[in-house]
There are 2 protein chains.
Amino acid sequence: MAEQEQYEELARQLSSIAAVRRDLARVLPADCSPASAIVLTMLRQYGEMRMGKLAELLMIDMSVTSRHVAYAEARGWLERHPDPADRRSRLLRVSPAGEALLRQVSERYTEALATCLRDWSAEDVGRLIELLGRFRNSFDGCRTRT
Amino acid sequence: MAEQEQYEELARQLSSIAAVRRDLARVLPADCSPASAIVLTMLRQYGEMRMGKLAELLMIDMSVTSRHVAYAEARGWLERHPDPADRRSRLLRVSPAGEALLRQVSERYTEALATCLRDWSAEDVGRLIELLGRFRNSFDGCRTRT
DNA sequence: TATTGTTATACTCTATAACTATA
DNA sequence: TATAGTTATAGAGTATAACAATA
């Protein structure tokens, strides 16, 4: 169990991190919003899936997810295929153009982070990733019960 | 130096954290936007300051900061006093009502985080805070040079 | 009837640029 | 002239609610 002051500090740090995300987004290719990048990343990581599943992974409302998907589809970055199990749904899949875009996104994100974190050890980067993952999971489990 | 895969994972984690921030914001008192909360928190933590300094701390444009401050002032949460050193500026200070609001914000943030992180040790919370702080600083230094 | 997804609407946060007042 | 701050405008992201199609 942590102290109250720690929790306040943590809340402040989370606000600051938003600014980092904004800056990082600036390195994205033209037309590729942070939303497109994360949608495509999730689809590549977890494979083809339905809209509802994607919304759940992104932790945003399905209405919002629907718009992000439409945006990415309009640019040819993902495809929607019929879902044999349910005609209300379609299965979302990264297209070849989307794969190419993702390579570019990965390259630029990696370059930006490698530059900023050049003084960091791989161990510390790993620790940060692990703690952020745990934090997200703890919060997520908490939210579901509410 | 870390691996490319680590950097990609880190970028993904940063996206996920945005959802946590949104959820956390839901516990704020009515009328108190996340922006108001962070503005008042900064003013309390660092003491009275000018608009430009506040914008720098928040890492957002001064035009945006100006609106957040106007919003908080309209609700009586902060005061603007003449800056004896420069009549173009005013010094921003948390008002008594703002202090009261901050106590409420702190209470709710703390309760929400304590609930979600009840399984965490104080050491791990401390490590997360420390790594987030270092990360922000590394990124900030990087951005400045660009 | 319930569920999957889409669309309309509104709100928050942000940046850029034009403007005012003072240095 | 340059700087501190304000305001107008525009754009991205999000949520809620109403709706369509299918289960």
Side-chain angles (χ1 to χ4, degrees), chain A residues 14-26 28-39 42 48-75 78 80-92 143 146, chain B residues 14-39 42 48-75 78 80-92 143:
Chain A
L14 291 178
S15 282
S16 298
I17 291 304
V20 173
R21 280 191 67 230
R22 278 199 305 280
D23 280 354
L24 198 56
R26 294 219 178 82
L28 289 173
D31 264 19
C32 180
S33 62
S36 294
I38 191 64
V39 160
M42 287 296 185
E48 72 176 13
M49 68 184 77
R50 295 151 50 128
M51 189 72 75
K53 174 69 177 168
L54 180 58
E56 193 188 319
L57 281 173
L58 296 174
M59 295 188 280
I60 56 179
D61 194 85
M62 188 154 51
S63 66
V64 179
T65 309
S66 178
R67 296 188 68 164
H68 291 331
V69 165
Y71 181 95
E73 186 191 33
R75 278 154 191 78
L78 63 78
R80 302 200 236 205
H81 299 279
D83 180 350
D86 187 338
R87 275 191 301 165
R88 291 172 303 181
S89 267
R90 280 177 290 179
L91 294 174
L92 311 173
R143 185 175 73 134
T146 309
Chain B
L14 291 178
S15 283
S16 299
I17 290 305
V20 174
R21 280 190 68 230
R22 278 198 306 279
D23 279 355
L24 198 55
R26 295 217 178 85
V27 307
L28 289 173
D31 264 21
C32 180
S33 63
S36 293
I38 191 65
V39 160
M42 286 295 185
E48 71 175 14
M49 67 182 77
R50 295 152 48 129
M51 188 73 74
K53 173 68 176 170
L54 179 59
E56 193 187 321
L57 282 173
L58 295 174
M59 296 188 279
I60 55 178
D61 194 86
M62 186 152 50
S63 67
V64 179
T65 308
S66 178
R67 297 191 68 163
H68 291 330
V69 165
Y71 181 95
E73 186 191 33
R75 278 152 190 79
L78 63 77
R80 301 199 236 205
H81 299 279
D83 180 349
D86 187 339
R87 274 191 301 166
R88 293 172 302 182
S89 265
R90 279 177 291 177
L91 295 174
L92 311 174
R143 187 176 73 135

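By convention in this document, chain letters (A, B, ...) are assigned in the order of the sequence lines, proteins followed by strands, and residues within each chain are numbered from 1. Computed over heavy atoms, backbone and side chain alike; hydrogens, waters and symmetry mates excluded.
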Taking N or O atoms only and anything under 3.5 Å, show me the protein contacts with nucleotides 18-20 of chain D, one pair per line.
none

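One N or O on the side chain of A:Arg22 and one on the backbone of B:Met59 form a donor-acceptor pair closer than 3.5 Å.
Between B:Leu91 and B:Arg50 the shortest side-chain heavy-atom distance falls below 4.5 Å. In this structure, A:Arg21 and B:Ile17 have side chains that are not in contact, with every pair of non-hydrogen atoms separated by 4.5 Å or more. Residues A:Leu57 and A:Met49 are in side-chain contact: their nearest non-hydrogen atoms beyond the backbone lie under 4.5 Å apart.
Nucleotide C:dT14 holds its C1' atom 12 Å from the CG atom of A:Asp23, rounded to whole Å. Following rounding to the nearest Å, B:Ile60 (CD1) and D:dA12 (C1') show an atom-to-atom distance of 16 Å. Between the CG atom of B:Asp83 and the P atom of D:dT3 there is a distance of 17 Å, given to the nearest Å. Taking atom CG of residue A:Leu24 and atom P of nucleotide C:dT14, one finds them 17 Å apart after rounding to whole Å. If you take CG of A:Leu28 and P of D:dG11, they are 19 Å apart, rounded to a whole angstrom. Remark: P of D:dT14 and CG of A:Leu54 are 12 Å apart, rounded to the nearest angstrom. Atom P of nucleotide D:dA12 and atom CG of A:Asp31 are separated by 9 Å, given to the nearest angstrom.
Residues meeting the side-chain hydrogen bond (donor to acceptor under 3.5 Å, both in side chains) test with B:Arg80, sequence neighbours left out: B:Glu73. By the side-chain hydrogen bond (donor to acceptor under 3.5 Å, both in side chains) test, A:Arg88 pairs with A:Asp86, sequence neighbours left out. Every side-chain hydrogen bond (donor to acceptor under 3.5 Å, both in side chains) that A:Ser33 has, sequence neighbours left out, goes to A:Ser36.
Side-chain nitrogen and oxygen atoms of A:His68 include none within less than 4.0 Å of the OP1 or OP2 phosphate oxygen of D:dA12.
Note that OG of B:Ser16 is 5.0 Å distant from CE of A:Met42, once rounded to the nearest 0.5 Å.
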Legend entry - Under 4.0 Å protein heavy-atom contacts per nucleotide of nucleotides 3-12 of chain C, with B for base, S for backbone only and - for none: BSBSB-B---
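B:Ala25 approaches B:Pro34 most closely through the heavy-atom pair CB-CG, 3.7 Å.
Residue whose closest nucleotide on DNA chain D sits further toward the 5' end, between B:Arg22 and A:Arg87: B:Arg22.
Screening B:Val69, B:Asp83, B:Val39, B:Thr65 against B:Leu92 for a side chain to side chain contact (heavy atoms under 4.5 Å, CB included) leaves a single residue, B:Val69.
Taking five base pairs at each end of the helix from C:dG5-D:dC19 to C:dA23-D:dT1 and finding the rotation axis that steps the C1' atoms of four pairs onto the next four gives two axes whose angle is 0°, to the nearest 10°.
A 6.0 Å sphere centred on CZ of A:Arg67 holds no more than 12 heavy atoms belonging to other residues, nucleotides or ligands.
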